[in-house]
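Numbering starts at 1 and runs along the sequence shown.
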Amino acid sequence: MSDTVKLRIRRSATDDFDEFTIPVQKWTTILECILYAKYKIDHSIAVRYSCRQATCGSCGMKINGKPSLACFTKVSEIDGDTITVEPMANFPVIRDLAVKFDRLFKNHRDIIPYMNNDPPDSSRMHLQSPEELDRFIQFANCIKCGLCNSACPTMATDTSFTGPQALAQAYRYVADSRDKDKDKRLRIIDDSHGIWRCHFAGSCSQVCPKGVDPAMGIQLLRGYMLGLND
């Protein structure tokens with residue numbers, strides 16, 4: 001690996017790429033390259049980031065064509081000495097690498113992403129067996145980074161599609177034995193733009209940085225829709 005890389009950033013003002021030569025080491029992340037360009041070369045570069053440890057999901061973008069977290073992707077993992085970064089597909093661009101998450105958050109809210117055990121039983125804890133926990137715990141790791149929606153080909157053609165992120169989270173709550181809103185959620189996603197619009201390309205699961213596997217969640221959710229699961 002060389003001591004420098006060529007960083008190509010798509011700029012929204014020109015819809016073209018600006019190129020920067022960035023000094024790197026083997027542990028340098030793509031986000032660090034972008035911030036070097038922003039702070040030392042061109043202050044006008046727009047990029048969203050926060051935690052820098054793949055927890056907040058803020059720095060999602062396309063890196064050499066693949067939706068990825070910039071803070072989680074090292075330069076040493078990229079083939080060649082040229083790194084091309086672009087805003088995520090299927091999201092409106094605010095500026096440069098920053099996109100609007102309005103649609104993702106709305107779809108997430110629509111599936112009722114919280115526990116309902118009303119009326120609560122204050123006399124006991126809502127205990128679960130390890131088997132009950134295993135049914136959904138993987139899907140609770142979603143950080144709402146939007147990478148799955150960016151990779152989804154259906155999101156590109158259907159602006160009303162619920163999307164893999166929200167559908168996987170619908171499964172997370174439907175499969176939780178403590179929740180009482182299962183039937184309500186299933187009615188919400190039982191729509192031509194809901195769960196039946198997914199073509200199971202599987203690209204959402206390939207880009208998830210947390211191993212949530214939205215495609216599997218959607219298939220398991222279809223089992224509930226068809227009465228195959230309790």
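In summary, the side chains of Ser177 and Arg135 do not present any donor paired with an acceptor at a separation below 3.5 Å, with no hydrogens or angles considered. A donor and an acceptor atom, one from each side chain of Asp176 and Gln128, are located under 3.5 Å apart. Side chains of Arg222 and Gln219: a donor on one and an acceptor on the other come within 3.5 Å. There is no side-chain donor-acceptor pair under 3.5 Å between His108 and Gln169.
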- request: Could you walk me through whether Ile188 and Ile112 pass the side chain to side chain contact (heavy atoms under 4.5 Å, CB included) test, one step at a time?
  value: CA-CA 9 Å; Ile188 290 171; Ile112 320 175; 3.8 Å; yes
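A ring pair (Phe, Tyr, Trp, His ring centres under 6.0 Å) check over residues 147-169, counting only residues at least two apart or in different chains, returns nothing. Pairs passing the ring pair (Phe, Tyr, Trp, His ring centres under 6.0 Å) check and including a residue from residues 45-71, sequence neighbours excluded, do not occur. For residues 197-206, the pairs satisfying side-chain hydrogen bond (donor to acceptor under 3.5 Å, both in side chains) are Asp158-Arg197, Arg197-His199, Ser205-Asp213, with sequence neighbours left out.
By the 4.0 Å N-to-carboxylate-O rule, Asp102 lies too far from Lys100 to be salt-bridged with it. Between Asp42 and Lys38 no salt bridge is recorded (no basic side-chain N to carboxylate O distance below 4.0 Å). Salt bridge absent: Asp81 and Lys6 never bring a charged side-chain N and a carboxylate O closer than 4.0 Å. With respect to the salt-bridge test (charged N to carboxylate O, under 4.0 angstrom), the residues Lys26 and Asp3 do not qualify.
Inter-residue side-chain proximity for Ile22 and Ile83 is flagged as unmet; no heavy-atom pair is nearer than 4.5 Å. Using a 4.5 Å heavy-atom cutoff, the side chains of Val85 and Arg10 are not in contact. Side-chain contact check for Thr21 versus Leu7: every heavy-atom pair is 4.5 Å or farther apart. Two residues are said to be in side-chain contact when any heavy atoms from C-beta on lie closer than 4.5 Å; Phe72 and Gln53 fail this criterion. A heavy-atom distance below 4.5 Å is found between the side chains of Ile41 and Tyr36. The side-chain heavy atoms of Ile195 and Met225, taken from C-beta on, include a pair separated by under 4.5 Å.
For Thr73 (side chain) and Ala70 (main-chain N/O), no donor-acceptor pair under 3.5 Å exists by modelled atom type.
The distance from the CG atom of Asp96 to the OG1 atom of Thr14 is 8.5 Å, given to the nearest 0.5 Å.
Counting heavy-atom neighbours within 6.0 Å of Phe136 CZ, excluding the residue itself, gives a total above 12. The neighbour count for Lys74 NZ, taken as heavy atoms of other residues, nucleotides or ligands under 6.0 Å away, does not exceed 12.
Annotation: Phe101 is in aromatic contact with Phe91 [ring centroid separation under 6.0 Å].
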